[in-house]
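Data block below; observations after.
Residue numbers start from 1 in every chain, and the chains themselves are labelled A, B, ... in the order their sequence lines are given, proteins ahead of strands.
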Amino acid sequence: MPEGIEAETARSLIERRALGRKIVAVDVPDAWFLKRGLTPRRARRALQGCTTVEARRRGKLILVDTDGPTIGLHLGMSGRILVDDEAAGDPLLYASNKANPKWVRFALRFADGGSLALRDPRRLGAVTLDPDEDRLGPDAFALTPAQLLDAIGSSTAPLKAALMNQGKIAGIGNLLADEILWRAGLDPAREAASLDDTEMRRLHRTIAKVLVELSARGGSHTGDLMAARVPGGLCPKDGTPLIRRTVGGRTTFSCPKHQR
DNA sequence: GATGACCTGTGA
DNA sequence: TCACAGGTCATC
């Protein structure tokens with residue numbers, strides 16, 4: 001489950017290794033992977049001859065600017081970026097880490113012989129050209145307290161659903177949301193708008209801290225709650241049996257004692 | 001806002 | 001053999 005952290009790792013790899021390179025071919029073995037009306041033919045025509053100039057990210061969306069169009073790369077839940085056949089980041093959870101060549105869904109081939117590829121066994125990722133970045137809310141890594149309040153302060157959705165709404169805040173997925181709310185001591189099922197000022201400040205601090213800390217540890221799956229995220233798991237903070245529910249349509253683990 | 005479909009590898 | 005993982009989108 002690549003979330004914002006994994007997207008940032010991939011962006012960083014692209015920035016270090018795949019910029020300033022000229023695209024001579026675009027491999028699209030799986031046309032289904034192209035979204036929003038993009039076709040293999042159009043992708044080739046738009047990108048051949050272009051040079052990569054910058055790697056950006058908004059939430060989980062990786063953006064590769066060229067001197068022509070901007071390429072939008074989404075990792076879905078099992079996608080990985082490879083530059084010259086080297087993968088970004090640690091092995092993913094819930095996803096195969098083998099290197100089956102048939103899982104490469106999209107690749108840019110460079111004039112120097114190297115490549116930038118997206119490998120995705122589950123085919124839930126996507127490639128677009130010139131994506132509408134404003135469909136996404138502010139990036140979770142740089143979220144201000146005012147932006148957090150604006151994003152969830154008047155939402156009647158469950159707190160967790162509000163946090164994962166990419167149009168409001170971009171980059172928080174299922175595991176990060178559980179870790180953040182567990183650390184902040186907030187019940188995922190609470191109505192988002194019910195947080196008072198103190199809780200909102202605590203949530204903001206926790207989002208920032210979790211993103212920094214788990215990035216340093218190596219991924220969304222390195223949270224303190226992760227090991228306990230199993231049937232019968234106990235809260236690492238107070239030993240209470242965790243409850244497993246569906247909140248906002250996703251499997252959710254939380255501590256009934258200290259998350260309120 | 002909630003639900004189910006999409007897709008397929010993994011592990012029980 | 002089958003439930004489950006889950007980011008996003010269409011539909012209710």
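Residues forming a side-chain contact (heavy atoms from CB on, under 4.5 Å) with A193(A) (at least two apart in sequence, or on another chain): E191(A). With sequence neighbours excluded, the residues forming a side chain to side chain donor-acceptor pair (under 3.5 Å) with D112(A) are R21(A), listed by chain and number. Qualifying side-chain contact (heavy atoms from CB on, under 4.5 Å) partners for L129(A), counting only residues two or more places apart in sequence or in other chains: L38(A), A46(A), L47(A), P69(A), I71(A). For D150(A), the side-chain contact (heavy atoms from CB on, under 4.5 Å) test picks out no residue, with sequence neighbours left out.
Contacts of R105(A) with the nucleic acid, taken as non-hydrogen atoms under 4.0 Å apart, are absent.
The closest donor-acceptor contact from the side chain of R190(A) to the backbone of S194(A) lies under 3.5 Å. D84(A) contributes a side-chain N or O that, together with a main-chain N or O of S115(A), makes up a donor-acceptor pair within less than 3.5 Å. In this structure, the side chain of E179(A) engages the main chain of D224(A) through a donor-acceptor pair within 3.5 Å. Between the side chain of R119(A) and the main chain of R80(A), no donor-acceptor pair closer than 3.5 Å is present. No donor-acceptor distance shorter than 3.5 angstrom exists from the side chain of D65(A) to the backbone of V53(A), with no hydrogens or angles considered.
Hydrophobic side-chain contacts under 4.5 Å tie L63(A) into a cluster, directly or through other members, with L61(A), L136(A).
For the OP1/OP2 pair of dG9(B) and a distance below 4.0 Å, the side-chain nitrogens and oxygens of S78(A) include no atom meeting the criterion. Between W103(A) and the phosphate of dT8(B), there is no side-chain N or O to OP1/OP2 separation shorter than 4.0 Å. Look at K60(A) and you'll find a side-chain N or O under 4.0 angstrom from OP1 or OP2 of dT8(C).
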When you compare the protein's N or O atoms with those of nucleotides 3-7 of chain B, which come within less than 3.5 Å of each other, and at what distance?
residue, atom, partner, partner atom, Å
dC7(B), OP1, W32(A), NE1, 3.3
dC7(B), O3', R123(A), NH1, 3.2

Polar-atom pairs under 3.5 Å, protein N or O versus N or O of nucleotides 10-12 of chain C: list them with distances, or write none.
none

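Annotation: the terminal axes of the helix from dG1(B)-dC12(C) to dA12(B)-dT1(C) meet at 50°, where each axis is the rotation carrying the C1' atoms of four end pairs onto the next four (5 pairs per end, rounded to 10°).
Sequence neighbours left out, the pairs with a member in residues 28-50 of chain A that pass side-chain hydrogen bond (donor to acceptor under 3.5 Å, both in side chains) are D30(A)-R123(A). Applying the side-chain hydrogen bond (donor to acceptor under 3.5 Å, both in side chains) test to pairs two or more places apart or on separate chains, those with a residue in residues 151-174 of chain A are K160(A)-N174(A), K160(A)-D178(A), K160(A)-T252(A).
Nucleotide dG6(C) holds its C1' atom 18 Å from the CD atom of E179(A), rounded to whole Å. We find that CZ of R80(A) is positioned 16 Å from P of dG9(B), with the value rounded to whole Å. One can place CG of D120(A) at 13 Å from C1' of dA5(C), the figure rounded to the nearest angstrom. The distance between atom CG of L176(A) and atom P of dG6(C), rounded to the nearest whole Å, is 12 Å. Rounded to whole Å, the distance from CG on L61(A) to C1' on dT8(C) is 12 Å. The distance between atom CD1 of I5(A) and atom C1' of dG7(C), rounded to the nearest whole Å, is 16 Å. For the pair E3(A) CD and dA5(C) P, the computed distance is 14 Å after rounding to whole Å. In this entry the distance linking CZ of R135(A) with C1' of dT8(C) reads 9 Å, nearest Å.
With a 6.0 Å radius and a threshold of 12 heavy atoms from other residues, nucleotides or ligands, K22(A) has its NZ atom at or below the threshold.
When distances are taken from the side chain of H74(A) to each of dT8(C), dG1(B), dC4(C), the shortest belongs to dT8(C). Of the listed nucleotides (dC9(C), dC4(C), dG1(B)), dC4(C) has the atom at the smallest distance from the side chain of R244(A).
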N/O donor to acceptor pairs below 3.5 angstrom from side-chain atoms of residues 253-260 of chain A, sequence neighbours left out:
residue, atom, partner, partner atom, Å
S254(A), OG, R245(A), NH2, 3.0
H258(A), ND1, D238(A), OD2, 3.4
H258(A), NE2, W182(A), O, 2.9
Q259(A), OE1, C255(A), N, 2.7
Q259(A), NE2, L181(A), O, 3.2
Q259(A), NE2, L186(A), O, 2.9
R260(A), NE, K257(A), O, 3.1
R260(A), NH2, P256(A), O, 3.0

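Near DNA chain C, defined here as any heavy-atom distance below 4.0 Å, the residues from residues 157-174 of chain A are Q166(A), N174(A), listed numerically.
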